[in-house]
Structures are given as C-alpha cells and as structure tokens.
Amino acid sequence: MKNLISILDLSLEEIDELIATANDIIENPVKYSEKCHGKKMATLFFEPSTRTRLSFEAAMYELGGNVLGFSEANSSSASKGESVADTVKVVSYYADIITMRHPKEGAPLVASMNATVPIINAGDGGHNHPTQTLTDLLTIKREMGRFDNLTIGLCGDLKFGRTVHSLVQAMMRYNNVKFVMISPDELKIPEYLKQELIDAGVEFTETTDLEKAMPELDILYMTRVQRERFFNEADYIRLKDSYILTSEKLLAAKADMRVLHPLPRVNEISLDVDDDIRAAYFRQACNGKYIRMALILKLLGVE
Amino acid sequence: MHIDEIKNGLVLDHIKAGKSMKIYNYLELDKLDCVVAIIKNVSSKKMGKKDIIKIDAEIEVDVDILGYIDPGITVDVIKDGKLVEKRHLELPEKVCNVIHCKNPRCITSTEQGLQQMFKLTDKANGIYRCIYCESKAKHGSLL
Ligand SMILES: [Zn+2]
C-alpha cells in the first residue's frame, strides 16, 4: 500500500493491521513518540477543514514528526492556476508524505499519479473520505469488540452523506451485518448503493421512524439533516425533529448500543445525550488521531 | 482499386448502418495515405443494412476504441488477398480520451493536461466509470 485514496483500496487484513497498530499506540503512546523523528508531512488543504487538518497534524506531531502546508486554496498556488499534478511534484521534494483535501472529486488520485511520496486523501468533494471511515471502524471495533453480527442504524441524510456511503461499503464486507436506513423519503440512500447491498446479499431495511428502529440497533450512526437539502421549508420543519437524538429517545435503545457521529454536530444530537455512556462520538474524534498515526506509520514504512 | 479486392489490409465489418463516418473519425483514418473505402448500406442477413470500411494497408487500428464504440464490429485481417484472421472485439478494460467526464465536480473539469480515463466496472451491463470521480458514462453515447 503506497497511498490511501479510497477505503476500498484497503483489504480487510490491512484494516485489521491498522486497527491493531492504533490500539497499540493508544496503550503505549511513548513507544511511538519518536517514530517519525526527522520526517515531514505536508497538509495541502485546497479547501478548509479545520477538524480533519488538526487531527492529521496532531497525529504527525505525536509521532515526533513535523508538519508544513496550507489550508485554503486562495493562499496557495492553486489560486494562481497551478495544477494538482505540478503542486504535488514540487511538494514531493519538501515532504515525506502528503495529506490532501480538495473540492474536486478525484484530485487525490491525480496527486498519487504524480507524487513521489505517499498521498492520503483527506476528502475530495463529496466523493471519498477514507480516514473518516477508518476512524468509524476503529471506534466500532473498540466500542463493540467486533465487526460481525452487528445491526447498524444510519440516521439522517443518507442521500448526500458520503461518510455513510463509505461506512456501508466498508461494513458490508463483514459477516452478518444488517443495516437499518433511517431517513426522510427525500434523503434515502442512493440506488447504486442499494443495488450493491442486494447484489452482495446484505440485509437492510428502510424506515422513516428513528424511534421504532431504536430497540434493535447495536450502533446508531447519526448525520446531520441540512436545511438546504429540502425542497421547501415546510418539509424541513416538519421532519427535522424526528431525526434529532434525545436522551428520551435513547430510553428504548439497548444498554450496550453505541451512538456515532462524524462531527461537527449542529443540533441532531441534543446535549443531554453527551453524558450517556452510549455516546461514543467524542471518543470517535479521539480515535481519529490514533488511526491517522497508524496510517502515517504504515505509509511511511516505519516499523 | 476494386473495393472488394484488398491485398494487405483490414476490413471493418458489421458496422451499424450509417455509423461508418463516425468510426472513420474516431480512428483518425483521414490521416492515412493509403486507400480507404467506406461502403454504406450494404445489405446484411443479420443486420438488415450495415456499413463496411476497407483499408488497403497493414495498419494497427485501436481495437479498444472500436470495441468501446461497438463490440459487434468484426475486424478481418487480409494478407495476400486472403482472409487470415477474423477478430471479434470485446469491451476494453479501459478507454483513454474517448469518453469525456460530464461531472462538473470532477478533477478532469479543471486539471490541465489530464487524460480522460474510463474503466469497465460492470462487464455484463457494459458500464464504464471515470477513474477519478467514478461517475457513470452513458454507454453508446458515442454513436
Ligand atoms: Zn470524472
């Protein structure tokens, strides 16, 4: 493995390996604190994403490495019309590994075809965001102890939410995983993804009712329902509250169920849920740093 | 030349009637020095009507482009006036600079000098996707 462009670039064994490394880092952080001494990571963020960038930068610093880069297109060469190919050819001389976020779909793939150092896709438009999926997977493994025999509820915007699409594609590769798709009719999962599930013989149901689905779930993956996704204001107002998780709705959930959310949240999880042991989303954000550390080590070939 | 008599060259047969000029353009046959014959509306048992292109020179045609345009076309190789090989086409695994990605969010819409590359992702249904953004190409949109 030289680059990480899509989560499907990784075999199940490679995912297991990354998760094992991340778990080892969590248990023995000191052992890893100088692993990337003298190495540099370039963070090329052609569109801003503070959270993702901070997570990568913290990961590199905790490995003893250094970080350089930019985080907006207008402060970079891109605003002067330089191509992705030229940018990464040049940056390959300055850094040992490149993390890239770009508004255009496929930009990190173009980067990987031109760079001489490994490329990590930190999000390309609405297309891929594999380190978010790795973060979700590490969280599921740490919270549930397994990837198989799980009923996973996905709630909110399932039509445009790319983190949901990648998570489905990653989790459907494991045994006896069932999905419950919870969304308004306007925001159901896309047809192509449904077809993939049907072709693979993976069980899934679709519902508009979060409360009804709650009791059977092992994992509830929440996403934001954005106002601009609706055709009219009336529909948005009618529907928005049904997809807000509250501690009251959580009463019907299993005791060992876990709530995940890619963050940032706006109001789709009410604050009173945060203190519930089942709320795993802040631990999830923390896991994001550790899985990125594991990924950096793997791509740099550091033992 | 009698269009039926090629000494050494290629016959592109079973072209859908009326499509021979498009094939001629995609294969850039206008760049050839040799005799090229386009025969339109030949009656065919199988197809009703078909077009045929005969090229009187031993050239290599891009069978990937041809297979993408229409895998039903056959390529006959003629040597010393005899048919020595009948090539049946397949959908190619990849096509380069034939289909153009129509997704405005795709990196191909802004990156200069980037080749348009599509990959066969579903052989049974002949579906090609852009390698960059994975958008589906409408197959057959070339003809
Ligand atoms: Zn594309």
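So you know, we letter chains A, B, ... as the sequences are listed, proteins then strands, and number each from 1.
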Using a cut-off of 6.0 Å, state whether more than 12 heavy atoms not belonging to [X] lie near its atom [atom1].
X: Glu186(A); atom1: CD; answer: yes
X: Lys94(B); atom1: NZ; answer: no
X: Lys178(A); atom1: NZ; answer: no
X: Lys86(B); atom1: NZ; answer: yes
X: Glu203(A); atom1: CD; answer: no
X: Lys194(A); atom1: NZ; answer: yes

**Prompt:** Cut-off 3.5 Å, side chains only: do Ser109(B) and Lys104(A) have a donor facing an acceptor?
**Reply:** yes
Review point. Considering only heavy atoms from C-beta outward, does the side chain of Glu134(B) approach that of Tyr192(A) to under 4.5 Å?
Key: no
* **Within-4.5 Å side-chain heavy-atom neighbours: Ile131(B) and Met113(A)** => yes
Rounded to the nearest 0.5 angstrom, the OG1-NE2 distance for Thr110(B) and His102(A) is 6.0 Å
TODO: Report yes or no: does Glu111(B) contribute a side-chain atom to a donor-acceptor pair with the main-chain N or O of Val110(A) at less than 3.5 Å?
DONE: no
Counting heavy-atom pairs under 4.5 angstrom with chain B, the leader among Ser6(A), Gly106(A), Pro103(A) is Gly106(A)
Passes side-chain contact (heavy atoms from CB on, under 4.5 Å), Ile107(B) versus Glu105(A)? Steps please. CA-CA 6 Å; Ile107(B) 185 67; Glu105(A) 301 173 12; over 6 Å; no
